[in-house]
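Working notes, structure below.
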2 protein chains.
Amino acid sequence: MILKSQVEWALHCCAILAGLPEGRYLSTKALAELHGLPKEYLSKALQNLSQASLVETTLGPSGGYRLAKTPSDINFLEIVEAVEGKARSFTCTNIRANNPCRPEGYCDSKPCAVARIMWEADEAWRDTLRRVRLSDLVGTLSEEVPADIWRSTFEWVLKRAG
Amino acid sequence: MILKSQVEWALHCCAILAGLPEGRYLSTKALAELHGLPKEYLSKALQNLSQASLVETTLGPSGGYRLAKTPSDINFLEIVEAVEGKARSFTCTNIRANNPCRPEGYCDSKPCAVARIMWEADEAWRDTLRRVRLSDLVGTLSEEVPADIWRSTFEWVLKRAG
DNA sequence: CTGTTTTCGGATATAATATGTCCTTAATTC
DNA sequence: GAATTAAGGACATATTATATCCGAAAACAG
């Protein structure tokens, strides 16, 4: 049960987009070069963010991506689900129903007890991600990354945005 | 990020094994037929449980599997990790290190902030599973499954255990 | 208007993993 | 000795993740 690498890429890209000056866009090319990622494939992750209305896009030179909402209005779960999908990690195939001792057409009132427990754990995972806002990540980064590196990173990336 | 179907199989098999009379074993064949699963493939899941010391085995006719511990001494996480592995769902490839504005050989004191958040969510998932004991599942099942179905299921399955 | 740059989506190819089957070996029971 | 079992290796197939390529439409600069 491993998350797609696109999840990691999307989170890092959102962290960069959160620090963009007002009105500026970053292209797939710039984000890919900054992180050393395949441009065409990263593009799929960014398209997922766009479909989830987490980022806005514009075409042409100096076009690209920017956040569609304030970093404090975006949480981790939204980003993760945008690229990973909303499906639960545990899928119940209802194998209890194969039990030959069950009456024909026997219908349980509740979903399978095993599934309920696995789904509860899944919810705990989602709750944790839901509670972390993109602005929290930005805050942590600005504490931990030396200010000059952080600043020059944006100069570097904006130079590539035309 | 989907768990293997073997996880579901292992959990249901453990629930059955938890209700076995003292000293009895259940074969792969019996467990496979009860749940309508491919015998050879289910066998791989049961081998994982055995390697994790969650079940004991014996060979020959009337051989098979039984729990190695009391149901209250086995939690869900042990079972899930036995077949799914202990690896975290999020793997950090440290793409921040590609940033061309970072000094050569720049070494962060802490692991990536993104990874720390994702790992925290992973821990929340594991904590939930760790807190649920196999005996809890058995308790729920004995409440929700009609007693006669539950009883005849064990008669059915033990008949196939020779 | 023309050429360049961009996102977007479809099509395709490759690699990795999950799923499933088959077979041999050794242990156990009868 | 014959039947039955778990263990595990080898193999085949299906599904998914990863990656690349291309064409269309939009935006912009000259």
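In this text, all values refer to a predicted model and were calculated from it rather than measured experimentally.
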For this session: Let me know the distance between CD of Glu40(B) and C1' of dT24(C), rounded to the nearest Å.
Result: 12 Å
Exercise. So which nucleotide from dC8(C), dA6(D), dG20(C) ends up closest to the side chain of Leu59(B)?
Worked result: dA6(D)
For this session: Send over the distance from Ile95(A) CD1 to dT19(C) C1', rounded to a whole Å.
Result: 15 Å
Seminar exercise, completed: Considering only heavy side-chain atoms of Lys29(A), the closest of dT5(D), dT6(C), dT28(C) is dT6(C)
Exercise. Can you check whether Trp156(A)'s main-chain N or O pairs, donor with acceptor, with Arg160(A)'s side chain at less than 3.5 Å?
Worked result: yes
For this session: Would you mind telling me which residue lines up with the more 5' stretch of DNA chain C, Tyr65(A) or Met1(A), judged by nearest nucleotide?
Result: Tyr65(A)
Exercise. Considering heavy-atom distances to DNA chain D, does Gly60(A) or Ile2(A) have its closest nucleotide positioned more toward the 5' end?
Worked result: Ile2(A)
Exercise. Think Thr28(A) has a side-chain N or O under 4.0 angstrom from the OP1 or OP2 of dT7(C)?
Worked result: yes
For this session: Would you kindly confirm whether Leu26(B) and Leu141(B) end up in one hydrophobic cluster when ILVMFWY residues are joined by side chain heavy atoms under 4.5 Å apart?
Result: yes
Exercise. Could you state the CG-C1' distance from Leu26(B) to dT5(D), rounded to the nearest angstrom?
Worked result: 13 Å
For this session: To the nearest Å, give me how far apart CZ (Arg160(B)) and P (dA3(D)) are.
Result: 21 Å
For this session: Show the numbers, then the answer: is there a side chain to side chain contact (heavy atoms under 4.5 Å, CB included) between Arg116(A) and Thr140(B)?
Result: CA-CA 11 Å; Arg116(A) 298 205 310 268; Thr140(B) 303; 3.5 Å; yes
Seminar exercise, completed: From CH2 of Trp9(A) across to P of dA17(D) the rounded distance in Å is 13 Å
Exercise. So what does Gln51(B) touch, heavy atoms closer than 4.0 Å: a base, only the sugar-phosphate, or nothing?
Worked result: sugar-phosphate
For this session: Would you mind classifying the nucleic acid contact of Ser43(B) as base, sugar-phosphate or nothing, using non-hydrogen atoms under 4.0 angstrom?
Result: nothing
Exercise. So which one's nearest nucleotide on DNA chain C is more toward 5', Lys39(B) or Glu84(B)?
Worked result: Glu84(B)
Exercise. Taking it one step at a time, do Asp127(B) and Arg130(B) satisfy salt bridge (charged side-chain N to carboxylate O under 4.0 Å, His left out)?
Worked result: CA-CA 5 Å; Asp127(B) 273 343; Arg130(B) 204 167 2 233; 2.9 Å; yes
Exercise. Donor-acceptor pair under 3.5 Å: do we get one between Lys44(B)'s side chain and the base of dG9(D)?
Worked result: yes
Seminar exercise, completed: To the nearest angstrom, the CD-C1' distance between Gln47(A) and dT7(C) comes to 7 Å
For this session: Send over the distance from Lys4(B) NZ to dA16(C) P, rounded to a whole Å.
Result: 17 Å
For this session: Decide salt bridge (charged side-chain N to carboxylate O under 4.0 Å, His left out) for Glu8(A) and Arg96(B); before the verdict, give the C-alpha distance in whole Å, the side-chain angles of both, and the deciding distance to 0.1 Å.
Result: CA-CA 10 Å; Glu8(A) 182 186 13; Arg96(B) 63 176 177 175; over 6 Å; no
Exercise. Nearest-Å distance, CD (Glu56(B)) to P (dA7(D))?
Worked result: 12 Å
Exercise. Should Ser50(B) be listed as having a side-chain N or O under 4.0 Å from OP1 or OP2 of dA7(D)?
Worked result: yes
Exercise. Reckon Ser5(B) has a side-chain N or O less than 4.0 Å from the OP1 or OP2 of dT19(C)?
Worked result: yes
Exercise. Just to confirm, is there a sub-4.0 Å distance from OP1 or OP2 of dC8(C) to any side-chain nitrogen or oxygen of Thr57(A)?
Worked result: yes
